[in-house]
There are 2 protein chains.
Amino acid sequence: MLAHARSIHSQIGLLVEEMQLEIGPRRQGLQLFLQRLSLRSDLNGEEREALLALPGQPQRVEAHRDIVGLGDDVDHACLVLDGLVGRFAQLSDGRRQTIGLHSPGDMADLYSLMMPKAPSALHALTKATVLRIPHAALRKLTARYPAVGAAFWRDCVVDGNVMGQWLLNVGRREARGRLAHLICELAVRISRSERPSERSYPIRITQEQLADALGLTSVHVNRTLKALREEGLASLAKGQVHIEDWDALAAAAEFDPSYLGLPESRVATPALSVQGS
Amino acid sequence: MLAHARSIHSQIGLLVEEMQLEIGPRRQGLQLFLQRLSLRSDLNGEEREALLALPGQPQRVEAHRDIVGLGDDVDHACLVLDGLVGRFAQLSDGRRQTIGLHSPGDMADLYSLMMPKAPSALHALTKATVLRIPHAALRKLTARYPAVGAAFWRDCVVDGNVMGQWLLNVGRREARGRLAHLICELAVRISRSERPSERSYPIRITQEQLADALGLTSVHVNRTLKALREEGLASLAKGQVHIEDWDALAAAAEFDPSYLGLPESRVATPALSVQGS
DNA sequence: CGAAACGTTGACGCACGTCAATGATAGTGG
DNA sequence: CCACTATCATTGACGTGCGTCAACGTTTCG
């Protein structure tokens with residue numbers, strides 16, 4: 001029926017598609033994104049409503065496919081609705097380095113608003129769905145609601161903080177500490193709490209993908225995972241991370257979540273009202 | 001609104017200090033900063049004037065001293081007027097990783113506007129002078145001139161791009177490529193041109209500081225510098241980098257300056273192939 | 001049920017770290 | 001301007017964490 005409608009009239013086909021698989025996910029994704037922003041920025045009712053009214057086109061992406069290619073000139077940002085999405089930098093021989101990981105609710109390339117020519121590729125690590133939100137709509141929003149602009153800006157800054165920690169990770173920690181740190185960070189980011197209450201979280205990531213994020217090889221990630229498992233710190237199996245001993249894991253990682261800017265470690269709320277005037 | 005007695009007092013103190021320490025440095029530093037912003041953002045006359053009228057207190061810092069400590073809650077951003085400034089993350093055993101290098105004209109911690117609790121330390125690599133610009137003044141500026149806010153935001157995004165490249169550097173390149181890449185990047189950033197015309201540039205950085213930026217040890221940086229020198233690519237001596245063969249150096253680094261978002265590559269479109277696997 | 005992707009493990013090599021000694025430079029005070 | 005001294009650069013010998021290669025077991029999914 002869907003195919004039939006599309007073959008008759010593509011515009012109507014799009015509308016049908018929207019009604020069937022778009023309206024729910026879109027709103028839900030925006031709500032997750034709003035929730036994420038609200039962890040670090042205060043938005044009033046009008047601003048929240050305007051944000052939730054953002055337009056966007058959902059796009060399904062197969063695993064191991066680029067969502068945005070290196071150097072592409074984009075006119076939209078990608079909000080992750082489902083799956084795991086990574087940002088990649090790579091060398092000519094194919095070796096690559098993940099410079100960011102994004103789960104549902106993250107706007108994976110919000111920075112593209114300020115730099116439309118992608119400096120890194122956006123890649124689906126698993127089968128994924130992203131909501132493509134036009135830059136024009138985002139610009140209109142930030143122009144009308146400066147507090148939303150500030151929230152976006154702050155989001156980019158937090159992404160930068162994460163990269164800084166990854167640099168420390170890759171540059172100065174040994175494999176064990178690197179892996180432990182990433183496991184801790186993802187626990188916090190996915191649970192959205194500095195001290196995750198759950199002892200496990202879902203993440204469908206392969207050891208090779210972990211290796212790309214950690215500046216290691218998959219073989220060494222495998223050995224290091226084994227070590228963490230045998231020490232009783234944490235384990236990864238069947239798309240689930242299990243944390244056996246949070247304190248020991250955080251200690252091995254020298255993990256301090258304050259760089260994520262969550263409410264628990266936020267100090268004074270900077271005067272957003274100044275921006276809004 | 002923010003005109004407590006304290007801020008009035010500090011404004012007066014500021015004026016006195018300016019008259020004592022020559023009025024030049026502040027204006028000159030802001031001009032360099034404006035020039036840097038203008039490479040990537042368009043600002044009109046009024047916006048430029050307002051930016052140049054920013055208040056700020058110059059501060060001299062001895063070499064090897066923190067300008068902002070890790071975790072400090074700051075109410076100002078630091079514009080580098082003179083010297084070399086770095087951002088550091090570090091481990092408990094003292095090993096550290098530089099996550100950013102800043103020369104005169106760079107606002108080293110502009111992101112602090114959006115995250116006042118410093119996620120990394122700001123450190124003077126050489127004797128340095130920074131201009132401390134109150135957040136309140138910057139917020140007032142961005143509230144009145146959204147284009148300036150966008151320029152600031154874009155600046156933060158470029159800093160993020162640089163960190164992404166550093167991650168690739170540290171995670172996936174060997175020592176030779178890392179060093180070559182950093183030498184190329186600094187050449188471009190200091191000359192502010194994607195294809196620097198000068199064959200050398202001044203930078204007072206020690207091999208140990210290079211090592212901190214590259215995730216290496218000073219001993220290995222020394223060996224790698226020797227290799228680059230003997231290959232006739234580049235050399236570092238007496239606070240000067242000499243580039244003997246730009247093409248060979250850029251090739252060794254796989255250096256592509258487009259991530260720096262300079263005007264030259266806002267036009268050109270190098271279509272790099274992207275691999276999916 | 002079959003094939004492709006992913007995980008696991010061992011043997012071995014190498015890039016880079018560590019340790020340590022010595023030479024070169026630069027900043028400081030007399 | 002010279003001694004004095006701390007910092008920085010250089011080099012060799014040697015250790016090690018991680019990469020490479022290769023084989024095989026396991027899971028996933030069409």
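The structure displayed is predicted, hence computed values, not measured ones. Just so you know, these numbers use all the heavy atoms, side chains as well, and skip hydrogens, waters and symmetry mates.
- Using a 4.0 Å heavy-atom distance criterion, B:Leu225 is classed as making no nucleic acid contact.
- Distances were taken from every side-chain heavy atom of B:Thr217 (C-beta onward) to each of C:dT18, C:dA26, D:dG17; the shortest belongs to C:dT18.
- A donor-acceptor contact under 3.5 Å is not formed by the side chain of A:Arg229 with the base of C:dT8.
- In the model, A:Ser92 has a side-chain atom that pairs as donor or acceptor with a side-chain atom of B:Glu254 under 3.5 Å.
- Within the structure, a side-chain polar atom (N or O) of B:Lys226 is placed less than 4.0 Å from OP1 or OP2 of D:dT11.
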Please assess A:Glu244 against A:Arg229 for the test side-chain contact (heavy atoms from CB on, under 4.5 Å), listing each intermediate value before the final yes or no.
CA-CA 9 Å; A:Glu244 311 289 345; A:Arg229 192 189 323 133; over 6 Å; no

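- Put simply, B:Asn222 has a side-chain N or O that comes within less than 4.0 Å of OP1 or OP2 on D:dT10.
- Listed here is the closest heavy atom pair of B:Ile243 and B:Ala187: CD1-CB, 4.0 Å.
- Put simply, CD1 on B:Ile205 is 18 Å from P on D:dT7, counting in whole angstrom units.
- Look at CD on B:Glu62: it is 15 Å from C1' on D:dT7, rounded to the nearest Å.
- At the phosphate of C:dT8, OP1 or OP2 sits under 4.0 Å from a side-chain N or O atom of A:Gln207.
- Take the nearest nucleotide of DNA chain D for B:Ser218 and for A:Thr224: the residue whose nucleotide is more 5' is B:Ser218.
- For A:Glu208 and C:dG7, the CD to C1' distance is 11 Å, given to the nearest whole Å.
- The distance from atom CG of B:Leu214 to atom P of C:dG17 is 10 Å, rounded to the nearest whole Å.
- Rounded to an integer number of Å, the gap from CG of B:Leu236 to C1' of D:dC8 is 12 Å.
- Atoms CG (B:Leu125) and C1' (D:dC8) sit 15 Å apart, rounded to a whole Å.
- Atom pair B:Arg172:CZ and D:dC18:P shows a separation of 13 Å (rounding to whole Å applied).
- The separation between B:His64 atom NE2 and C:dG27 atom C1' is 12 Å, rounded to whole Å.
- Residue B:Gly215 is classed as a sugar-phosphate contact, given heavy-atom separations below 4.0 Å to backbone atoms only.
- Within 3.5 Å, no donor on the side chain of A:Arg176 pairs with an acceptor on the base of D:dG17, nor the reverse.
- Between the side chain of A:Arg223 and the base of C:dG10, a donor-acceptor pair under 3.5 Å is found.
- Side-chain polar atoms of B:Arg132 and B:Gln59 form a donor-acceptor pair below 3.5 angstrom.
- Checking B:Ser191, B:Pro257, B:Cys184 one by one against B:Pro196, the side chain to side chain contact (heavy atoms under 4.5 Å, CB included) holds for a single residue, B:Ser191.
- Residue whose closest nucleotide on DNA chain D sits further toward the 5' end, between A:Arg204 and A:Arg95: A:Arg95.
- The aromatic rings of B:His181 and B:Tyr259 sit parallel, their planes meeting at an angle under 30°, below the 60° perpendicular limit.
- Between B:His220 and the phosphate of D:dG12, there is no side-chain N or O to OP1/OP2 separation shorter than 4.0 Å.
- Phosphate contact (OP1/OP2 of D:dC8, side-chain N/O of B:Thr206, threshold under 4.0 Å): absent.
- Residue-to-nucleotide proximity on DNA chain C shows that, of B:Ala175 and A:Val219, the 5′-proximal contact is made by A:Val219.
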